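This report refers to the structure that appears directly beneath it.
These numbers were taken from a predicted model, which means no experiment stands behind them. Throughout, a chain's letter reflects where its sequence line sits, starting with A, and its residues are numbered from 1.
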Amino acid sequence: MSGDLLLKLELRSNPNLLSVVRGAMERLTEVFGFSAPECRSVTRAVDEALTNIMRHCYRGKLDQPIEVACSRVQRRGSAVRRTGLEILLSDRGPAVDPAKLRGRRLDEIKPGGLGLHFIRQSMDTVEFKRLRGMNQLRLVKYLQPSKQD
Amino acid sequence: MSGDLLLKLELRSNPNLLSVVRGAMERLTEVFGFSAPECRSVTRAVDEALTNIMRHCYRGKLDQPIEVACSRVQRRGSAVRRTGLEILLSDRGPAVDPAKLRGRRLDEIKPGGLGLHFIRQSMDTVEFKRLRGMNQLRLVKYLQPSKQD
Amino acid sequence: MQISARRVDKTTIFDVIGDIDLANSPQIRKALLHEIREARTPKVVMNLTKVRYIDSSGVASLVEGLKASRDAGSRFILFGLSPAAREVLQLSRLLKIFEVHDNEEQALAS
Amino acid sequence: MQISARRVDKTTIFDVIGDIDLANSPQIRKALLHEIREARTPKVVMNLTKVRYIDSSGVASLVEGLKASRDAGSRFILFGLSPAAREVLQLSRLLKIFEVHDNEEQALAS
Ligand SMILES: Nc1ncnc2c1ncn2[C@@H]1O[C@H](COP(=O)(O)OP(=O)(O)O)[C@@H](O)[C@H]1O
Ligand SMILES: Nc1ncnc2c1ncn2[C@@H]1O[C@H](COP(=O)(O)OP(=O)(O)O)[C@@H](O)[C@H]1O
């Protein structure tokens, strides 16, 4: 896996900035070569991941740092080489308890517990890591084989 | 002048990323409280400033670093306190020759020489500076008095 | 995001402009619950024509509206879903749970 | 950005989708100059209905098209300007220099 940084965003944990990140992600996914539904879906995943950081990690505090780093990556190893968009989200909140990272069952009608589902449904890779005092969420979405450059 | 960082973008000097920055700026200016024409005009100024960095400073090289830092600032001193959006654009290209920073006359019909006009027409403050081996362009746009918080 | 209310006979129509996300879903929730629980409006309609995006907290607010209206024995209707809004309800398996119409005319006639 | 050409009688209509900026204005310029100088099409129309944004390099490409068409004694017409596109031509003092129409019908009838 080799990365080629395209864009890095640094923001505070203020929900008013969510639309700003979506504005950037909508365009970045388009430029990257994803289809319109894929663009919406990757943008949604990043938005939901940021929402979770703001709500669960920073518990509503508005001035905490978040970083979103977007890179072009190649998946080797398998017979076909595939190009993907990797998005690394980092925060300085307390360590996330992996046992809590579970959405609710989808066959109930009740509010909440949907964000992680949306993220997992959108992305090919979803990995949580604790690294140098930071939570790091790594999301990757690969281009369809026909769109590979 | 006291700053409160809202958003920082790091990108390479690749024109494909211009639309990504516009996507972020369109939303940031909206969230900040500017009117729709002001949002378009500030977004245009940032876009044109980045275009100039890519063309004139980095001479078309695609992999050079650019930073866009957006902060909320207050103008004191004058009787009325005004809130503004400050956008600092930094690059690591060769020093800009201030004598060359001139657009063409607008009464000629010919291509080129428009970017600086657009920037100056949009923003309340436009300042070029050389700082620690970097070119820094500082743009500020103040909210209309009625929109002050 | 802007939300405003209109009254047509016994129906309240909420016109929403802009994205619904964590920054404003509490405001949507409050407006909905007030209209359903306090004002006891028999039919509440959400005009989402100008809403491009709804996040999971927005979906949660709509679900709260739906539950409140079921409790109150009233109706809660959505119309004008954008592709992203439709997708988010589909992913939540809620598209068939909500009463969804294409436009205002159909929502009012229903 | 996508650009494609349609022919209606002796007119070529370019349909452009997406923003015009430094990333693609050379492509616009090339398509225009080919149509005006090489194909010598007597009337070239730019459909900008689906163009939200035009930067100064895009304006420069349009100016080149205008100059080439003046040299060739042909016509060069724009229609469907978004607010941002209209503003950028106004700021460049070019809005009155270009032949601008509201829609395709008017552009073709002109
Ligand atoms: N960034 C995070 N930090 C800490 N906990 C998290 C984070 N993201 C998700 N979680 C946990 O996972 C649960 C499920 O998340 P999600 O599916 O997004 O639904 P919701 O946020 O509505 O609860 C959350 O309730 C929370 O306990
Ligand atoms: N970031 C920059 N670095 C170096 N020179 C610049 C920069 N921005 C503008 N200039 C100079 O100012 C001139 C006018 O710029 P502008 O009005 O944007 O028109 P254009 O870029 O079409 O020439 C440029 O031709 C260039 O010489």
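For chain B, the nearby parts of D:D55 are the backbone and the side chain; heavy atoms of each come within less than 4.5 Å. Heavy atoms closer than 4.5 Å to chain B are found in both the backbone and the side chain of D:L22. Residue contact with chain D, scored on non-hydrogen atoms closer than 4.5 Å, involves the backbone and the side chain of B:R44 alike. Of the atoms belonging to D:R29, not a single heavy atom falls under 4.5 Å from chain B. With a 4.5 angstrom heavy-atom cutoff, D:I97 touches chain B only via side-chain atoms. Only the side chain of B:E26 comes within less than 4.5 Å of a heavy atom of chain D; its backbone N, CA, C and O stay farther away.
To the nearest 0.5 Å, atom OG of residue B:S19 and atom CE of residue D:M1 are 12.0 Å apart. Expressed to the nearest 0.5 Å, how far OG of D:S56 lies from CG of B:N52 amounts to 7.0 Å. Here CD of B:Q121 is found 10.5 Å from CD of D:Q90. Values are rounded to the nearest 0.5 Å. Going from atom OG1 of B:T43 over to atom OH of D:Y53 covers 8.0 Å, rounded to the nearest 0.5 Å.
Across every non-hydrogen atom of D:V63 and B:P111, the tightest pair is CG1-N, 3.7 Å. Between D:A23 and B:N16, the shortest heavy-atom contact is CB-OD1, 3.7 Å. The two atoms that bring D:D21 and B:P15 nearest to each other are OD2-O, 4.4 Å, heavy atoms only.
In terms of non-hydrogen atom pairs under 4.5 Å with chain B, the most contact-rich of D:P83, D:S57, D:G18, D:S61 is D:P83. Most heavy-atom pairs under 4.5 Å with chain D, from the set B:N14, B:D47, B:L18, B:L17: that is B:D47. Looking only at heavy-atom pairs under 4.5 Å with chain D, the residue among B:M54, B:K110, B:R22 that has the most is B:R22. Note: D:V88 leads D:L66, D:L94, D:N24, D:V88 in heavy-atom pairs under 4.5 Å with chain B.
The number of heavy atoms from other shown groups lying within 6.0 Å of CZ (B:R92) does not exceed 12.
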